[in-house]
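A quick write-up on the structure given underneath.
Chain identifiers are assigned alphabetically (A, B, ...) following the order of the sequence lines, protein sequences preceding nucleic acid strands; residue numbering begins at 1 within each chain. Everything numeric here is computed off the predicted structure, so don't read it as measured data. These values consider heavy atoms only, across backbone and side chains, with no hydrogens, waters or symmetry-generated copies.
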There are 4 protein chains.
Amino acid sequence: MRGKHKTDNNEHKQFIDNRSISSSKDEGLIESKQLQIVEGAYKLFLTKGFHPTSIREIAEACNMSMGQLYHYISSKDDVLYLVHKHFHKIMYDFLKTQKLEEYVSPVEKLINFIKANLYFVNQNKKLIQFISTETKYLQKDYLKDVLAMEKESTIGLYHQLLVEINKEIPIIADLEILASILAYLVAFLPMKGWTVNEDSLDDVNRCILDLVFRGLGQSVLQEAEKFLI
Amino acid sequence: MRGKHKTDNNEHKQFIDNRSISSSKDEGLIESKQLQIVEGAYKLFLTKGFHPTSIREIAEACNMSMGQLYHYISSKDDVLYLVHKHFHKIMYDFLKTQKLEEYVSPVEKLINFIKANLYFVNQNKKLIQFISTETKYLQKDYLKDVLAMEKESTIGLYHQLLVEINKEIPIIADLEILASILAYLVAFLPMKGWTVNEDSLDDVNRCILDLVFRGLGQSVLQEAEKFLI
Amino acid sequence: MRGKHKTDNNEHKQFIDNRSISSSKDEGLIESKQLQIVEGAYKLFLTKGFHPTSIREIAEACNMSMGQLYHYISSKDDVLYLVHKHFHKIMYDFLKTQKLEEYVSPVEKLINFIKANLYFVNQNKKLIQFISTETKYLQKDYLKDVLAMEKESTIGLYHQLLVEINKEIPIIADLEILASILAYLVAFLPMKGWTVNEDSLDDVNRCILDLVFRGLGQSVLQEAEKFLI
Amino acid sequence: MRGKHKTDNNEHKQFIDNRSISSSKDEGLIESKQLQIVEGAYKLFLTKGFHPTSIREIAEACNMSMGQLYHYISSKDDVLYLVHKHFHKIMYDFLKTQKLEEYVSPVEKLINFIKANLYFVNQNKKLIQFISTETKYLQKDYLKDVLAMEKESTIGLYHQLLVEINKEIPIIADLEILASILAYLVAFLPMKGWTVNEDSLDDVNRCILDLVFRGLGQSVLQEAEKFLI
DNA sequence: GATGAATGAGGCTTCATTCAT
DNA sequence: AATGAATGAAGCCTCATTCAT
């Protein structure tokens with residue numbers, strides 16, 4: 001009834017169009033208001049979680065009236081989607097700007113990429129935890145969309161790097177699966193960190209890096225040892 | 001406000017006492033009724049998640065009246081706790097009965113332990129996913145309790161095995177952290193499974209095993225290669 | 001989800017079961033509470049109409065909390081249905097008790113039946129008007145149910161009487177259609193009453209009676225003239 | 001509160017002036033825009049009813065912005081009024097153009113008039129039903145206006161014809177009441193048609209015609225029988 | 001004159017929990 | 001000990017209408 005989830009047939013748009021969520025017509029306004037919503041909502045989500053956060057609280061947090069809020073979303077589920085989308089964007093943007101071109105060795109690139117990812121993940125523990133735990137509450141269409149987004153961004157970057165390494169040093173593994181696993185592994189601390197001493201953040205990161213680079217095989221490790229401090 | 005969270009001062013009891021949750025006095029009855037609750041509730045939780053499941057649905061699912069239900073729990077949160085406790089128990093029980101004594105080599109023990117764990121995890125995808133994503137909604141005291149339980153059971157088993165290996169082949173890593181990471185890694189598929197082809201379950205498991213055993217270092221790998229098919 | 005509209009397969013129950021509307025288990029209680037709801041709601045409906053009456057007003061009018069109200073209905077639509085059902089019951093009960101057995105001539109029976117119906121209709125103008133104008137807002141299943149009810153009660157009684165007459169004096173018309181038309185005609189005043197002077201109620205009734213009995217044909221009229229004052 | 005209900009004191013204008021509804025000054029524009037509104041709105045009303053149709057839907061359906069819409073009406077109620085007015089106009093226009101002058105006998109005129117009315121009514125079932133059921137939601141002043149309109153148009157035409165007949169063949173009845181009843185009777189099918197087999201439209205019409213012409217008395221019937229097929 | 005974003009009260013419904021029976 | 005009816009606050013969402021641009 002409320003035209004959401006209409007996936008755009010326009011082949012240049014691969015993801016769900018924000019305009020299908022909002023009843024507004026001004027696309028620029030939609031974008032800016034939805035950002036305002038995300039910024040208001042995600043802080044609440046991080047502390048309380050999705051379900052315990054009420055739509056009224058969200059409206060307050062982003063300084064909107066209920067009516068205005070619903071002008072730019074069509075249901076509470078949309079907020080969850082918008083937060084996911086935003087998260088994947090900022091994480092992707094962060095990882096993308098890591099100037100990996102500076103490094104010649106693809107292994108060195110991967111090392112620094114993982115380090116960057118670990119850094120980001122530890123700077124955004126709560127957000128990572130939120131995303132990991134509430135993704136399942138996305139509606140079907142949104143879920144598909146978000147998973148596709150993830151695969152094309154973060155996981156995609158891992159995959160590229162693995163492919164690059166594989167050209168020089170063969171990695172005996174399915175690179176797509178490996179990319180997914182690496183992206184998952186890196187989120188260990190926000191997800192399970194509580195079982196680990198808070199102080200040992202560096203130890204954990206080291207442990208993950210070691211596991212990964214040893215795990216990629218003897219030849220990769222030899223190369224990697226040059227760069228692992 | 002309500003009588004929950006009374007941590008038992010009895011130093012021999014390390015976990016929260018069920019009797020502090022129930023207003024009943026017959027401990028056997030409490031146990032059996034709470035099991036009934038868990039069995040009714042967890043199926044709902046797996047499909048709908050914790051918050052979207054209502055206490056009334058739970059009562060129906062476990063064939064209890066509201067009154068009876070509240071006789072054995074003191075709030076909905078208790079159900080979440082009971083399900084967690086139950087999960088850790090069955091997972092621990094499963095892993096415990098893996099007859100690892102049969103194997104002489106500690107590395108072989110670990111291999112088979114991880115395989116068993118992967119098997120369990122894949123047999124209980126939804127449950128694993130539920131536990132991983134809703135743990136954060138446990139109340140503080142319950143959370144502490146559950147994390148302690150986890151550390152003493154699954155993670156504990158990993159730790160023991162690593163210690164055993166370490167006696168023979170030194171592992172350069174904090175074994176506690178490593179144990180946590182391994183336990184986390186094994187849950188990859190249920191958590192991220194959707195991004196991976198259903199058929200490639202074996203590929204994924206293989207990938208994880210390889211990553212781990214290469215990751216434990218050259219010496220462990222050499223030993224492991226004898227047993228990895 | 002909320003099991004309403006489950007038409008009972010039990011062949012003795014032809015109409016929608018009240019228990020499918022309520023989440024209560026005590027059938028006697030359901031009946032009495034639903035009556036309480038109908039009595040609270042219908043007065044509001046008569047003055048304000050269905051949509052302008054809020055569910056909160058209904059709860060107040062029948063001295064129930066919101067929660068209690070929804071224990072005995074599952075949506076506002078149910079109230080509309082209950083009011084319809086109640087209306088058809090009381091109208092049927094009234095018409096049924098008209099002791100038409102006293103009259104020998106079937107034509108006289110019809111005369112007195114119509115008179116009774118006109119009387120009832122004029123005593124319950126607002127109610128008749130409400131029912132006639134809001135029936136269309138019944139949900140599909142409820143609509144079917146209510147129309148069936150009507151056909152079996154009021155219209156059914158008209159039909160029986162026409163059949164009885166027809167045995168003695170042939171009526172050249174489809175008796176089912178005629179029965180429907182008569183039932184409709186009788187509601188003229190509540191429906192259009194506003195266009196007609198209040199005082200002329202008797203004139204209108206006379207006019208309708210005349211129209212009908214002349215309308216049934218010369219032979220019926222001759223018989224009828226004996227009884228029409 | 002808002003500028004509606006200003007009844008015009010100008011004694012030559014008997015109906016509510018459209019300009020009192022609109023804030024525009026160009027009367028031609030008002031007329032054309034209000035027609036646009038009526039045409040957009042009435043389709044929605046026919047399917048959903050008055051209250052369930054939102055003013056936003058109306059704006060969309062008639063391709064107007066909210067602002068423009070409210071330029072030509074001053075509240076949602078106005079739309080209901082405009083639709084009523086429009087309905088009475090088109091029905092009156094249709095009936096007026098029935099070239100009854102062709103017939104010499106006033107009884108034949110009435111026969112053909114009723115047939116035309118039945119035809120119109122069956123062509124516009126949903127509209128008739130809508131008007132009949134939602135008139136009660138007109139605001140007081142509008143209601144008075146609409147009822148006066150009806151009396152002067154459709155009912156008026158019936159009345160004229162009855163008077164004409166009455167000159168030749170006395171009808172023993174209050175002709176005003178009779179006119180109202182006839183106009184009401186003719187709407188039987190849209191209002192109660194659902195209780196009657198869909199196919200039997202012709203039977204129903206026949207039944208109504210018979211009822212009416214027999215109902216007007218023996219002498220009228222004799223005359224009528226010449227023309228009733 | 002025209003737009004459509006903004007308002008915020010109020011719509012219907014559900015909920016965890018209690019307590020009279 | 002057991003029942004399930006009762007509570008009423010709070011849930012999400014929509015609405016007719018206004019007014020800054």
Smallest heavy-atom separation, Gly40(D) atom then Ala61(D) atom, equals O-CB, 3.5 Å
Which atom pair, heavy atoms only, marks the closest approach of Met64(B) to Ile37(B)? CE-CG1, 3.8 Å
Does [N] have OP1 or OP2 under 4.0 Å away from a side-chain N or O of [X]?
X: His71(A); N: dA5(E); result: yes
X: Gln68(C); N: dA5(F); result: no
X: Tyr72(A); N: dA6(E); result: yes
X: Ser24(C); N: dA5(F); result: yes

Can a cation-pi geometry be assigned to Lys126(D) and Tyr42(D), taking NZ or CZ under 6.0 Å from the six-membered ring centre and within 45° of the ring axis? no
Using the six-membered ring of Phe50(D), assess whether NZ or CZ of Lys76(D) lies under 6.0 Å from its centre and within 45 degrees of the ring axis. yes
Looking at OH of Tyr72(C) and OG of Ser23(C), how far apart are the two atoms once the value is rounded to the nearest 0.5 Å? 8.0 Å
Rounded at 0.5 Å granularity, tell me how far NE2 in His51(D) sits from OH in Tyr137(C). 7.5 Å
Between Phe50(D) and Pro52(A), the residue closer to the 5' end of DNA chain F by nearest nucleotide is Pro52(A)
Can you tell me how far [atom2] of [N] sits from [atom1] of [X], to the nearest Å?
X: Met66(B); N: dT14(E); atom1: CE; atom2: P; result: 15 Å
X: Tyr70(B); N: dA20(E); atom1: OH; atom2: C1'; result: 18 Å
X: Ile55(D); N: dA16(F); atom1: CD1; atom2: C1'; result: 7 Å
X: His51(D); N: dT14(F); atom1: NE2; atom2: P; result: 18 Å
X: Leu44(D); N: dA16(F); atom1: CG; atom2: C1'; result: 16 Å
X: Glu57(A); N: dG8(E); atom1: CD; atom2: P; result: 19 Å
X: Arg56(A); N: dT14(F); atom1: CZ; atom2: P; result: 14 Å
X: Glu60(B); N: dG4(F); atom1: CD; atom2: P; result: 11 Å

Nearest to the side chain of Lys76(B), which nucleotide is it out of dT3(E), dA5(F), dA16(E)? dA16(E)
Under 4.0 Å, counting only non-hydrogen atoms across every strand here, what does Lys33(C) touch: a base, just sugar-phosphate, or nothing? sugar-phosphate
Checking all strands, does Thr53(D) fall into the base, sugar-phosphate, or nothing category for heavy-atom contacts under 4.0 angstrom? sugar-phosphate
Go nucleotide by nucleotide along DNA chain E from the 5' end; which of Gly67(A) and Gly67(B) gets its closest nucleotide reached first? Gly67(A)
Residue mapping more 5' on DNA chain E - nearest nucleotide basis, Ser54(B) or Leu69(A): Leu69(A)
Describe, in one word, how the ring planes of Phe130(C) and Phe45(C) are oriented to each other, choosing from parallel (under 30°), tilted (30 to 60°) and perpendicular (over 60°). parallel
Output field dot_bracket for DNA chain F (Watson-Crick or G-U, both distances under 3.5 Å, | for other-strand pairs) contains .||||||||||||||||||||
With side-chain hydrogen bond (donor to acceptor under 3.5 Å, both in side chains) as the test, would you mind laying out the steps for Tyr142(B) and Asp77(B) before giving the verdict? CA-CA 9 Å; Tyr142(B) 285 159; Asp77(B) 291 332; over 6 Å; no
